[in-house]
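Just so it is clear: chains get the letters A, B, ... in the order the sequence lines come, proteins before strands, and each one is counted from 1.
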Amino acid sequence: MTTNNQANSNNTTTLFDKDSSSSSSSFGNENFIYNSNQKLTIQQQRISLPIYQNRKHILYLLEKYSTLVIIGNTGCGKSTQIPQYLFESGWADGFRTVLCTQPRRVAAISLAERVAQELGEQQVGKTVGYSVRFDEKISDIETRIKYMTDGMLIREMMLDPLLLKYSVIMIDEAHERSLQTDILMGLLKKVQKKRNSSGENNNNNNDTLKLIVSSATLNAQDFFNFFNYNQTNDKSKDTSTILSIEGRTYPVDIHYLEEPTSNYIQQTLQTIIDIHLTQPPGDILVFLTGQEEIERMIQTLDDKFELQRQQQQDNKNKQMMKYLLLPMYSGLSINKQIKVFESVGDSKKIRKIIIATNIAETSITIDGVVYVVDCGFVKIKSYDSISGLESLVIVPTSKSSANQRSGRAGRNRAGKCYRLYTESTYDTLLPDQTIPEIQRSNLTTTILQLKALGIDNILNFDFISQPPSGSLIRGLEVLYGLGALDDNGRLTNPTGMIMAEFPTDPTFSKMIVQSSSTGFNCSEECITITAMLNIQGLFTNQNHKSRKHLLVKEGDHITLLNIFNSFISNNPNSSHWCHQHQINYKAMQRVLQVRKQLLAYANKYSIKVISCFDDPNISPKNCSSLVRKAIVSGFFTNAAQLQPDGSYQTIREKHKLWLHPTSVLCLSNSPQWVIFNEVTITTKEYMKDVISIEPNWLYEIAPHYYKFKK
DNA sequence: GAGCACTGC
């Protein structure tokens, strides 16, 4: 292995680190957070942060420039301190508010809690507040510093397009380039141009909007360019600038392979064993791409180490250090996730080996890690606008991602990172950045939101990274098919406008809107089905044996409806029934929450909530047909016909698909015609959540989409 | 008979 030394991005203080505090909040356990400064007062801690040296400079640059791009490492304190500096220096005077956006809910909540504490307030929701889905702690009069998810701010713009109550908006974690953050940057650029030009005209500085964009080193220039409106070569007319904040860092030694490997799993296995047998104490964090890889790796390691231990049993001088193998991925139950944060006693005697997905790259931070093993690959979403299908693919990581991973070594002391590829691969083959999400996503929802915000010409919108035109065109076509856009591409009233505000994909919102009308009469059922399909991890066992009496032959949607109704009639406050039927009780609680929100939206837009099952004049069989017809009205693009070989073919694109083995439709004869909720591509292309339909429903309900076939 | 990176409203 070759070695070079690279300064890493960490510092001694984790108390102010957003990532650490977010994990404390999400797991409700403060004890596992390491705080080397806990003897200092809050003021002393604030002053000891690296960013404090830049306080005056930040405030000066924000007076001079409209947009400030800040490069700051994890833990430098930017997310907690900058909003406070702005507050202290008058940016929140005169009923104005300083806003900081986050890509994730837990981060927004825990940052607000931390800053409220730093301001000496007993609770969040006074001077400092937050707003995320399902939860808001804001005082309309008192709140001056606000944390919010990107998605919530986009939503707020539908009510207040110029966001006049905000004087400064800090877009945090912009380097992650999430779909919502990218859209937000495009929208805020528009708002800033509008507010700042009218500010000049009226000579009223209170109307101007200042932006702070938090970035990693590698893409700061992109953000600078995007927000620099200076058309001349005169640098003094720039409207944006970049400031880099030095963090206190520990060095991380980067080790590369000398020869490329053809099997990164095997290489990962060997590297972990080598570290454990030859390196001094310190936890190991390993990055792999998915659940299955992780579970298999843990099994194999356990077997190998056990073998090693038996061989060494007789030799008292050569005994292997103890170890604890821990998986970490989002599908894991919270109880199992917590284990990676728990103390194992003396870290010199027992080594934690954590095998994780990308969740450990951004969403959670584990202290005590000294060694990082980076397999060099990542599983990401990919979108094919021709078939309209999203899938997950394994691709090489980017430089930016590799640096983030290595930065996870030695948060508390110097560390080592083992990259399982060669240095020349890093230099010449890895892209600087992961492709922004907006360029590999289905954009139907995004387009609908932009239309609702008055962006008529989507193709000309100022995206920081232009999405593929195929994705935009496909999205527009689907929205037209759903009746959300008219012949001129304008939002329809009221259908399109309601759909844009519903917190679901347009396919679901269309189904709900349609289901309340005469001839369907099943909006209650459709809202329940939407809530059930929007929650992950519903079943603790994919095998339906324990739920046999709840299955419905028309398909998965109706089965889900049946499960929900049985859950309600068997005391929704007791987990016993769920346990008995191998249903995740916590997931059902989330279903109730989503369902409640959907019912509130239905109420807001005067969508009648009616149930066909409550109507004595409609038989249960006809009821099932009504619900399935309502589903067709939202999901008609996802229609497929049975083929002689047992596969299915989508009707327009002729795409070959298979019934997923977990579908209840696999338990009986395959129906001729089906509608599916989604496709997952693994060993084959599978349809998940599928119902049987009558083909004439397609012509009846979506004639504009299927007219050519008749 | 297969097996779900991570978020968000």
K.L.:
Does A/T683 place a side-chain N or O at less than 4.0 Å from the phosphate oxygens OP1/OP2 of B/dA2?
P.N.:
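The answer is no; no side-chain N or O of A/T683 sits under 4.0 Å from OP1 or OP2.
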
K.L.:
Please name all residues satisfying ring-ring contact (aromatic ring centres under 6.0 Å, His included) with A/F502, sequence neighbours left out, ordered by chain then number.
P.N.:
A/Y601

K.L.:
B/dC6 C1' sits how many Å from A/Q337 CD, rounded?
P.N.:
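One finds 12 Å between C1' of B/dC6 and CD of A/Q337, rounded.
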
K.L.:
Take A/T425 and A/R419 through the side chain to side chain contact (heavy atoms under 4.5 Å, CB included) test and state the conclusion after the steps.
P.N.:
CA-CA 10 Å; A/T425 298; A/R419 291 180 178 161; over 6 Å; no

K.L.:
Within the 4.0 Å heavy-atom criterion, would you say A/N543 contacts the bases, only the backbone, or no part of the nucleic acid?
P.N.:
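Here A/N543 touches the bases of the nucleic acid.
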
K.L.:
Please classify the nucleic acid contact of A/T357 as base, sugar-phosphate, or nothing, using heavy-atom distances under 4.0 Å.
P.N.:
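Touches sugar-phosphate only.
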
K.L.:
Can you tell which of B/dC9, B/dG1, B/dA5 lies closest to the side chain of A/M152?
P.N.:
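The nucleotide sitting nearest to the side chain is B/dC9.
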
K.L.:
Expressed in angstrom and rounded to an integer, what is the separation of A/K684 atom NZ from B/dC4 atom C1'?
P.N.:
19 Å

K.L.:
Return each pair, listed once, that meets side chain to side chain donor-acceptor pair (under 3.5 Å) where at least one residue sits in residues 533-543 of chain A; pairs must be two or more places apart or across chains.
P.N.:
A/N541-A/Q582

K.L.:
Taking atom P of B/dC4 as reference, at what distance in whole Å does atom CE of A/M687 sit?
P.N.:
17 Å

K.L.:
For A/Q643, is there any backbone N or O sitting under 3.5 Å from a side-chain donor or acceptor partner on A/S647?
P.N.:
no

K.L.:
Would you mind telling me which of B/dA5, B/dG1, B/dC9 lies closest to the side-chain atoms of A/R133?
P.N.:
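Shortest atom-to-atom distance from the side chain points to B/dC9.
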
K.L.:
Looking at B/dG1, B/dC9, B/dT7, which one has an atom nearest to any side-chain atom of A/T662?
P.N.:
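Closest nucleotide among those given: B/dG1.
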
K.L.:
So which pairs with a foot in residues 532-545 of chain A pass salt bridge (Lys or Arg N to Asp or Glu O under 4.0 Å), sequence neighbours left out?
P.N.:
none

K.L.:
By salt bridge (Lys or Arg N to Asp or Glu O under 4.0 Å), which residues pair with A/E685, not counting sequence neighbours?
P.N.:
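Here no residue qualifies.
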
K.L.:
Return the value, rounded to whole Å, for the distance between atom CD of A/E292 and atom P of B/dA2.
P.N.:
12 Å

K.L.:
Quick one, which residues of residues 504-516 of chain A touch DNA chain B with a heavy atom under 4.0 Å?
P.N.:
A/T504

K.L.:
Examine A/H660 together with A/F676 and report whether their ring centres are nearer than 6.0 Å.
P.N.:
no

K.L.:
Would you indicate, yes or no, if B/dC6 has its OP1 or OP2 atom less than 4.0 angstrom from a side-chain nitrogen or oxygen of A/S178?
P.N.:
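For A/S178, the contact criterion (side-chain N or O under 4.0 Å from OP1 or OP2 of B/dC6) is not met.
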
K.L.:
Counting only side-chain heavy atoms from C-beta out, which of B/dG1, B/dT7, B/dC9 sits nearest to A/P661?
P.N.:
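Selected nucleotide: B/dG1.
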
K.L.:
What is the distance, to the nearest angstrom, from the CZ atom on A/R177 to the C1' atom on B/dC6?
P.N.:
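These atoms are roughly 17 Å apart.
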
K.L.:
Toward the 5' end of DNA chain B, which comes first, A/Q449 or A/I380, by nearest nucleotide?
P.N.:
A/I380

K.L.:
Mind checking if A/L392 touches a base, just sugar-phosphate, or nothing, with heavy atoms under 4.0 Å?
P.N.:
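If one applies the 4.0 Å heavy-atom cut-off, A/L392 turns out to touch a base.
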
K.L.:
How long is the line joining CD of A/Q542 and P of B/dA2, in whole Å?
P.N.:
14 Å

K.L.:
Who pairs with A/F463 by ring-ring contact (aromatic ring centres under 6.0 Å, His included), at least two apart in sequence or on another chain?
P.N.:
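A/F463: ring-ring contact (aromatic ring centres under 6.0 Å, His included) contacts with A/F461.
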
K.L.:
Take the protein atom NZ of A/K688 and the nucleotide atom P of B/dC4, then report the distance between them rounded to whole Å.
P.N.:
7 Å

K.L.:
Roughly how many Å is it from CD in A/E685 to P in B/dC4, rounded to a whole number?
P.N.:
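Between P of B/dC4 and CD of A/E685: 13 Å.
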
K.L.:
For A/G290 and A/V132, find the nucleotide of DNA chain B closest to each by heavy atoms; which residue's nucleotide sits nearer the 5' end?
P.N.:
A/G290

K.L.:
If you only use heavy atoms from C-beta on, which nucleotide in B/dC9, B/dT7, B/dA5 is closest to the side chain of A/K379?
P.N.:
B/dA5

K.L.:
May I ask you to say what A/F134 touches in the nucleic acid, namely base, sugar-phosphate or nothing, with a heavy-atom cut-off under 4.0 Å?
P.N.:
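No contact.
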
